[in-house]
Amino acid sequence: MSEDADVTELAKRRGFFFAAAEAYGGAAGFYTFGPEGAALKRNVEAAWRDRFALKEDNEEIAAPTIMPEPVFEASGHLDTFDDMLVECPECGESHRADHLVEGATDLEDAEALEPEAVADLIAEHDLVCPSCGAALGGQDVEEFNLMFETSIGPGSGQPGYLRPETAQGIFVEFPRLKEYARGKLPFGVTQIGPAYRNEISPRRGLIRVRELTQAELETFIDPETDEPDLEKVADVELRLYAAPEQQADAPAEEGYQELTVREAVDEGVVASDWIAYYLGVAQEWYERIGVDTEQLRFRQHLPGERAHYAADCWDAEAKIESAGGDWIEIAGFSTRSDYDLSKHAEGSGENFTVFKQYDEPKTVERPSVDPDMATLGPEFGGDAGAVAAALEELAERDPDAFEAAEVTVEVDGETYTVDTEVANFEIAEETEAGEHIVPHVIEPSFGVDRTVYTLIDHGLQRDDLGGEPRDYLSFAPEMAPTDVAVFPLVSNHEPLLDTASEVVSTLRAAGFDATRDDSGSIGRRYRRQDEVGTPFCVTVDRDGLEDDPETVTLRDRDTGAQARIPTDELVGQLEALHAGETDFESVLAQYETVEPVDG
RNA sequence: GCGGAUGUGGUCCAGUGGUAGGACAGUAGCUUCCCAAGCUACCGGCCCGGGUUCAAUUCCCGGCAUCCGCACCA
């Protein structure tokens, strides 16, 4: 992170990201990732997949981005994604109409009303503009649905929406996913992909966009028995900014609590063990991918801030210098309870439960009747069915009634008397092996684009090297768009060109994303790679060709230091560096170093 | 959506009622054996639409986009 370097300018010039469809004037809130940015994003996604799917033993799916309307009716997005705004005729400010009404009346869910009804309420209660005090009565209440609507199929078709979060694609498929998990909790399902929000006013480049990439994990648990393996992250240090501290009238820094995951749980700062667990996993992951942990914190949502589904929620926030030093949300960790699965069960009528086996089967006595319809039919005619049903109901409610010789039931005000024998009453012993429960959901949800932006912002450095200022991106080797660049020291000497080509081929065969550059001076080529964050450069020079065995120089991006290493040891060293098994210090200690010449 | 500012080669900027220049970047060549060197040449631009005008990149209107503030950000 560097104050005078411009992230947006670098991103455009070097192909990280830029406004989409600029040739046609563009559309706000849409960005294209250029070659460097797309590679960086791929690496972020791969690292996330490795940590949150592979290492956690969760399964990844790929659901459609468009779903039919009932999905979002059930999920609550159709209602709560609708913001009702009213504009002040005097000062022109817009306010949440539903919030104004809720503040002035007993209504708690004004959002569920029609806009016209809300406008009427505003007039009825003589509500005024909170900013300037002008009367708002008679102003139109406008509705903004933040979901992109489309229609499925020809003609008027079936209404559908682009998903506002990837999560719903997991929730609606729960009946299948639980089968795949063989009905056993806990299990987790991940998804990485785009989500769409028709923001009223996209701003600040990549930070608020209309199409974003989410990486989400839905962990399905039995809230009564399932515990996370807290030990794995118990000692990870977190910077926590809890709700009470945010409400205190003090600078943010004073409200921070630096606690380990274990301490956060023991002291009750983070109420849910599951959330604490994922905060720890996330902290480690952020360190791994190169987020500056000095610019990272976990902030608890204030009670009024939570999403419609969330019981408790913490955000990971990164401080972004290029966004004016603001803290921006880069991930959210929510306890969604059984909200989503219950809503989809209700909306679809399908089974969104899992069967929870008891440790010991329970034996219960269940009274039942099996009325002899051959007797009841002739006796009561068309009412026989209803009488049978009434007997069943009576058996559950009052089994003792069947101890008499006759039982009486009432159907539609009429009393029927039945011989107890005809009812075939008995008390059966039934064994219950378990019960059907709706799992609860713990959701870590990451914004991939914002993470990419954070890596660029935190990684961008400016220093002096060789007596000249330079900008470079200090990406972790695992994240860098290009793994290694190979240069012939000069471009007018055939053997150097040939050897450089061979080295590139060898590196590519070993799985590296290697690039080659022989245009311009060696210094210029180093700077080009520095600016896109390539961690290592290999230079083929004439001295090296004369060595036995042949050598090349290997340069470290951050320091410019160089080691002369045998060409056939290059792949091994780079693999170790890339995997974080060694660092450049060790490489320098192991080989002859090359003194850079200033100027 | 409101208010303000802005929109000129790839990038950052200057400038003009008679269609425009710099710096950096890029390409080719020469040079060059380790950190944005030099020389030569080249490539490349007035956001879009309408209006005023003999003539608009310039002035006016509208649109789109970007930045800042307000609101919004489930």
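We name chains A, B, ... by the order of the sequence lines, and we start the count at 1 in each one. Model, not experiment: these values are computed from the prediction.
Qualifying side-chain hydrogen bond (donor to acceptor under 3.5 Å, both in side chains) partners for A/Thr150, counting only residues two or more places apart in sequence or in other chains: none. Looking at residues two or more places apart in sequence or on another chain, you find a ring pair (Phe, Tyr, Trp, His ring centres under 6.0 Å) between A/Tyr286 and A/Phe446. For A/Arg527, the side-chain hydrogen bond (donor to acceptor under 3.5 Å, both in side chains) criterion is met by no residue, not counting sequence neighbours. Annotation: side-chain hydrogen bond (donor to acceptor under 3.5 Å, both in side chains) contacts of A/Arg470 (sequence neighbours excluded): A/Asp463, A/Asp530. Here A/Phe148 pairs with nothing under the ring pair (Phe, Tyr, Trp, His ring centres under 6.0 Å) rule; sequence neighbours left out. Residues passing the ring pair (Phe, Tyr, Trp, His ring centres under 6.0 Å) test with A/Phe475: none are found, sequence neighbours excluded.
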Dot-bracket, RNA chain B: Watson-Crick or G-U, under 3.5 angstrom, [ ] crossing, | other strand? (((((((..((((....[..)))).(((((.......)))))....(((((..]....))))))))))))....
Do any N or O atoms of the protein come closer than 3.5 Å to N or O atoms of nucleotides 8-13 of chain B, and which pairs are they?
residue, atom, partner, partner atom, Å
B/U11, O2', A/Glu9, OE2, 2.4

Could you list, one pair per line, each protein nitrogen or oxygen that sits under 3.5 Å from a nitrogen or oxygen of nucleotides 26-30 of chain B, together with the distance?
residue, atom, partner, partner atom, Å
B/G26, OP1, A/Arg528, NE, 2.7
B/G26, OP1, A/Arg528, NH2, 2.4
B/G26, OP2, A/Arg524, NH1, 2.7
B/U27, OP2, A/Ser519, OG, 3.1

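Side-chain N/O atoms of A/Arg208 and base N/O atoms of B/C72 include a donor-acceptor pair closer than 3.5 Å.
Listed by first and then second residue, the salt bridge (charged side-chain N to carboxylate O under 4.0 Å, His left out) pairs involving residues 487-506 of chain A amount to none (not counting sequence neighbours). Within the structure, ring-ring contact (aromatic ring centres under 6.0 Å, His included) pairs that include any residue of residues 199-220 of chain A comprise A/Phe174-A/Phe220, A/Phe187-A/Phe220 (at least two apart or interchain).
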Kindly list each side-chain donor-acceptor pair under 3.5 angstrom involving residues 13-27 of chain A, sequence neighbours excluded, with atom names and distances?
residue, atom, partner, partner atom, Å
A/Arg13, NE, A/Glu9, OE2, 2.5
A/Arg13, NH1, A/Glu531, OE1, 3.1
A/Arg13, NH2, A/Glu9, OE1, 3.4
A/Arg13, NH2, A/Glu531, OE2, 3.1
A/Arg14, NE, A/Glu531, OE1, 2.6
A/Arg14, NH2, A/Glu531, OE1, 2.8

